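Contents: one structure, followed by commentary.
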Amino acid sequence: MTTKRYRIATIDGDGIGPEVSQAALRVLKTACGDMLDFDMLDGGAGHYQKTGQVLPEDTFNACREADAILHGAAGLPGVVYPDGTEVGNDLHLRLRFRLDLYANVRPVKLLPGVVSPLRGYEGGGIDYVIVRENTEGLYASRGAGVLLRDEFASDSLVTTRKGTERVAEFAFRLAESRNGALSDGKKRVTVCDKANILRSYAFFRAICDEVHQQHPDVAIDYAYADAITVHMVKRPEFYDVIVAENMFGDIISDLGAATAGGMGISPSGEIGDEHALFQGAHGSAPDIAGQDAASPMATVLSAVMMLRWLNDRHGDPRLAEAADRIETAAGRVLSENIAVPRDLGGNARCSEVAEAICRALG
Ligand code: ATP
């Protein structure tokens with residue numbers, strides 16, 4: 001049996017970041033024992049205020065050398081660059097580009113005990129994954145847009161063959177590994193675009209079609225970005241895997257999160273060929289920071305994704321087993337009303353939810 005230990009680069013960040021990150025660490029330590037070593041690193045908007053650096057080089061190097069990266073959240077109100085863009089976002093954007101984390105994976109899964117705003121949907125009734133292209137599309141030009149004479153502003157949408165091929169390949173492989181859509185059991189990748197309007201989106205779709213040729217066991221489906229918002233609300237059970245350009249993926253994954261209980265329970269993974277970063281889908285939520293009021297569920301479930309990704313890379317069944325145990329324990333804490341966080345209608349504090357998950361693990 002392997003005794004390998006895994007190094008996790010951990011950045012608490014700002015706002016609720018430290019609370020949710022510490023909660024997730026507590027759960028990971030309980031479930032994984034000494035299988036994981038945590039390297040606590042500086043970074044974020046608060047660090048920028050003190051030092052002028054949002055992602056210190058030491059932190060970047062440690063993230064590059066680590067087996068995986070776990071992040072709380074980053075961003076503080078009013079901490080912005082001279083062009084008005086937020087400093088906090090830059091932490092994971094820099095990691096995203098420098099470590100080439102091209103697939104942003106956002107599971108949309110309604111867990112037992114969680115109430116969906118969609119009438120008629122109960123735990124287990126929504127289960128699909130959005131794969132957002134993470135390094136190009138409309139956000140590729142961040143920091144390089146044009147503002148002319150205070151009269152005209154422009155940002156370019158970038159779609160490359162290589163960038164689209166690799167994210168499409170990721171989406172099809174993910175569909176192959178899943179059990180298909182809840183409505184009909186079919187393995188399906190839905191391409192979300194506006195191929196009817198812009199050439200770059202038609203190109204994105206054409207390349208997804210090409211990649212599909214290598215995955216005949218998965219069905220391909222298409223949806224325009226506006227139309228899919230209606231379908232995600234009216235028939236979410238139809239979806240299995242959705243692949244989308246960066247900005248569309250950003251927008252529809254928050255909609256998906258809302259249908260499954262909100263930002264406080266929605267995990268995310270930003271995954272490349274060599275590196276991966278995991279964090280809750282939410283931001284630093286400054287309105288509730290420092291009050292022990294946030295839900296740690298999103299970060300805990302992101303940690304579950306991290307363990308599964310590590311297992312895919314290292315083939316270490318201890319990781320997969322720990323992931324299953326944490327997911328089951330977190331699910332029990334919600335479905336048996338043991339400690340329901342405030343954003344899901346309960347009154348449990350962040351630390352109490354973490355404690356309850358640890359007890360359920362026991
Ligand atoms: P960003 O731009 O970084 O995504 P934001 O301020 O737009 O940040 P969030 O920080 O995600 O968005 O917060 C949006 C709302 O959701 C806030 O009212 C916040 O209190 C709530 N929220 C976010 N995360 C959590 C959480 N983990 N637990 C409880 N409530 C949360």
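Every number for a ligand or one of its atoms is a count from 1 in the order of the listing. Along the sequence shown, the residues carry numbers beginning at 1. Since the model is a prediction, treat every value here as computed from it, not as a measurement.
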Looking only at protein heavy atoms, which one is nearest to [atom], and how far off is it?
{"atom": "atom 28 (N) of ligand 1", "result": "Ser295 N, 2.8 Å"}
{"atom": "atom 31 (C) of ligand 1", "result": "Ile288 CD1, 3.9 Å"}
{"atom": "atom 6 (O) of ligand 1", "result": "Pro286 CD, 4.6 Å"}
{"atom": "atom 11 (O) of ligand 1", "result": "Gly283 N, 2.7 Å"}
{"atom": "atom 22 (N) of ligand 1", "result": "Ala285 CB, 4.0 Å"}

(request) Give me the ring orientation class for Tyr102 and Phe170: parallel if the planes are under 30° apart, tilted from 30 to 60°, perpendicular past 60°. (result)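 The rings of Tyr102 and Phe170 stand perpendicular, inter-plane angle above 60°.
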(request) Just say parallel, tilted or perpendicular for the rings of Phe248 and Tyr201, cut-offs at 30° and 60°. (result)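 Taking Tyr201 first and then Phe248, their aromatic rings lie parallel (interplane angle under 30°).
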(request) Establish, for the pair Arg94 and Phe60, whether the NZ or CZ atom is under 6.0 angstrom from the six-membered ring centre and no further than 45 degrees off its axis. (result)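 So Arg94 doesn't make the cation-pi contact.
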(request) Measure from NZ or CZ of Arg188 to the centre of the six-membered ring of Tyr128 and say whether it is under 6.0 Å with the direction within 45° of the ring axis. (result)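 Checked: cation-pi criterion not met.
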Is it the case that [X] and [Y] place a side-chain donor and acceptor less than 3.5 Å from each other?
{"X": "Arg308", "Y": "Asn311", "result": "no"}
{"X": "Asp90", "Y": "Tyr48", "result": "no"}
{"X": "Arg342", "Y": "Asn347", "result": "no"}
{"X": "Thr59", "Y": "Glu57", "result": "no"}

(request) With atom 17 (C) of ligand 1 as the reference point, say which of Val20, Asp250, Asp287 has the nearest heavy atom. (result)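 It is Asp287 that holds the nearest heavy atom.
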How about [atom]: does it have a protein heavy atom within less than 4.0 Å?
{"atom": "atom 20 (O) of ligand 1", "result": "yes"}
{"atom": "atom 2 (O) of ligand 1", "result": "no"}
{"atom": "atom 14 (C) of ligand 1", "result": "no"}

(request) Report the part of Ser284 (side chain from C-beta onward, or backbone N, CA, C, O) that has a heavy atom under 4.0 Å from ligand 1; answer both or neither where that applies. (result)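 It is the backbone that gets close, since no side chain atom is under 4.0 Å.
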(message) For Thr299, which part has a heavy atom under 4.0 Å from ligand 1: side chain, backbone, both, or neither?
(response)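 Under 4.0 Å from ligand 1, Thr299 contributes no heavy atoms.
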(request) Find all atoms of ligand 1 within a distance of less than 4.0 Å from any non-hydrogen atom belonging to Ala294, and give their numbers and elements. (result)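 This gives 28 (N) as the contact atoms.
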(request) Number the atoms of ligand 1 from 1 as they appear, then name those within less than 4.0 Å of a heavy atom of Gly264, with their elements. (result)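 The list of qualifying atoms is 26 (C), 27 (N).
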(message) Go through it in stages, so that I can follow the logic: the residues are Leu307 and Glu321, the test is side-chain contact (heavy atoms from CB on, under 4.5 Å), and I'd like the CA-CA distance, side-chain angles, deciding distance and then a yes or no.
(response) CA-CA 9 Å; Leu307 295 173; Glu321 194 218 332; over 6 Å; no
